[in-house]
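Comments concern the structure below.
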Amino acid sequence: MNAGPIKDLGRTFDRVADAYDEGRPGYPDEVYRALGEVTGVDLDGATVVDVGAGTGIMTRGLRARGARVVAVDPGEPMLARLVSRSAADQQAGGGAGEDAPVAAVLADGNVLPLAGEAAHLVMYAQSWHWLDPVLSIAEARRVLRPGGSIAGCWNFHHASQAEWLADYEARLAQAVPTYWGPAVEEWSVPPIASAFEVVEERWIPWTRLVGIEHFLLDLRSHSYMAALSKERADELVDRQRVELRAAFPEGVLSVPMRAYLAVGR
Ligand SMILES: C[S@@+](CC[C@H](N)C(=O)[O-])C[C@H]1O[C@@H](n2cnc3c(N)ncnc32)[C@H](O)[C@@H]1O
């Protein structure tokens with residue numbers, strides 16, 4: 001469904017949609033468990049609006065747990081991957097939420113082309129910081145049923161837990177002008193919690209086991225990398241590859257991660 005002409009939204013990720021789709025990690029089970037626990041929403045059968053759904057990492061996790069998901073994103077290349085992957089899941093006969101095609105809406109999350117009071121949950125996975133902080137939450141409240149919840153979640157490198165990872169982030173901070181992450185002193189989680197009346201926050205540590213090339217694809221999918229010229233991005237990826245291979249000749253990384261979840265109304 002196309003909600004009409006979209007301004008230049010979501011364009012950053014258009015350039016790195018393949019790397020995003022292949023390289024980014026999913027969210028650990030504990031995020032979905034905590035989401036159900038904190039919101040009181042049983043994901044099985046719930047209607048969830050996944051705003052800034054991208055290639056569908058969170059959408060797929062929700063559908064596998066039985067949710068009916070309306071996936072909203074203004075980036076056509078990102079959403080195209082979400083649709084094709086969800087169709088494959090449906091064919092493979094996955095979870096209860098995967099027995100119907102995913103509802104994918106090409107739209108700005110600040111102006112949702114959705115009916116009011118329809119959703120049990122509005123989800124921003126790794127996306128709310130791309131939206132207008134006031135308009136987005138007003139829209140979320142409009143589309144929520146009474147008693148529904150809004151949730152934001154983000155996956156982060158837990159850089160202070162491993163020296164190699166802190167060094168990796170420091171190299172990015174030094175080389176990429178628009179880098180924003182744990183190596184920047186004033187870096188913090190997006191302030192979604194301050195937009196809520198009632199809020200509960202959780203930090204969920206987990207470990208990502210990943211091959212170096214896969215990890216470098218993840219690197220390429222970040223907006224600060226998409227902002228670089230191809231030559232500059234290649235150079236930086238090559239440098240990171242050399243350092244990582246020297247530290248981990250077997251080619252596998254154990255990456256300390258932490259997911260942040262904030263839920264409110
Ligand atoms: C970092 S990606 C997150 C994708 C996915 N939710 C995930 O968990 O990996 C951010 C997404 O927000 C989308 N986005 C940017 N501006 C937006 C807006 N105004 N409304 C909705 N989505 C937006 C981008 O197109 C992109 O797909």
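Computed from a prediction, not measured in an experiment: that's the story for all the values here. Note that the numbering runs from 1 along the sequence shown for the chain. Ligands are counted one by one from 1 in listed order, and the atoms in each one are counted from 1 as well.
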Discussion item. Determine whether the aromatic ring centres of residues F13 and W130 are separated by less than 6.0 angstrom.
Written reply: yes
Fill in: Atom indices of ligand 1 within 4.0 angstrom of Q126 heavy atoms, with elements
1 (C), 2 (S), 3 (C), 8 (O), 10 (C)
Item to complete: Output yes when a side-chain donor or acceptor of R202 lies under 3.5 Å from a complementary backbone atom of A34, and no otherwise.
Response: no
Item to complete: Could you list which atoms of ligand 1 come closer than 4.0 Å to a heavy atom of D108?
Response: 18 (C), 19 (N), 20 (N)
Fill in: N or O pair under 3.5 Å between L131 and ligand 1
no
Worksheet entry | Interatomic spacing from OH in Y124 to CH2 in W154 - rounded to 0.5 Å | 9.5 Å
Worksheet entry | Y27 near ligand 1 by a heavy-atom separation under 4.0 Å | yes
Worksheet item: Quick one: which ligand 1 atoms are inside 4.0 Å of a heavy atom on N110?
Response: 19 (N)
Worksheet entry | Residue D73 vicinity, atoms of ligand 1 by number, heavy atom under 4.0 Å | 11 (C), 12 (O), 13 (C), 24 (C), 25 (O), 26 (C), 27 (O)
Worksheet item: Which option, S136, S127, P74, owns the non-hydrogen atom nearest atom 14 (N) of ligand 1?
Response: P74
Fill in: Single hit among Y27, W206, Y260 for side chain to side chain donor-acceptor pair (under 3.5 Å) with N155
W206
Item to complete: Give a yes or no answer on whether the side chain of R60 reaches the backbone of T55 with a donor-acceptor pair at less than 3.5 Å.
Response: yes
Item to complete: Indicate the atoms forming the closest heavy-atom contact of L261 with V31, along with that distance.
Response: CD2-O, 4.1 Å
Discussion item. If I apply the N/O under 3.5 Å rule, does G109 come out as touching ligand 1?
Written reply: yes
Item to complete: For T59 and A71, indicate whether the former's side chain and the latter's backbone hold a donor-acceptor pair under 3.5 Å.
Response: no
Worksheet item: Looking only at distance, does R24 have an N or O less than 3.5 Å from an N or O of ligand 1?
Response: no
Worksheet item: Does an N or O from A125, backbone or side chain, lie closer than 3.5 Å to an N or O of ligand 1?
Response: yes
Discussion item. Show the atoms of ligand 1 that are less than 4.0 angstrom away from any heavy atom in W130.
Written reply: 10 (C), 15 (C), 16 (N)
Discussion item. Can you name the atoms of ligand 1, numbered from 1 with element, that are less than 4.0 Å from a heavy atom of F13?
Written reply: 1 (C), 10 (C), 24 (C), 26 (C)
Worksheet item: Relative to the ring of F156, is the ring of W203 parallel (under 30°), tilted (30 to 60°) or perpendicular (over 60°)?
Response: tilted
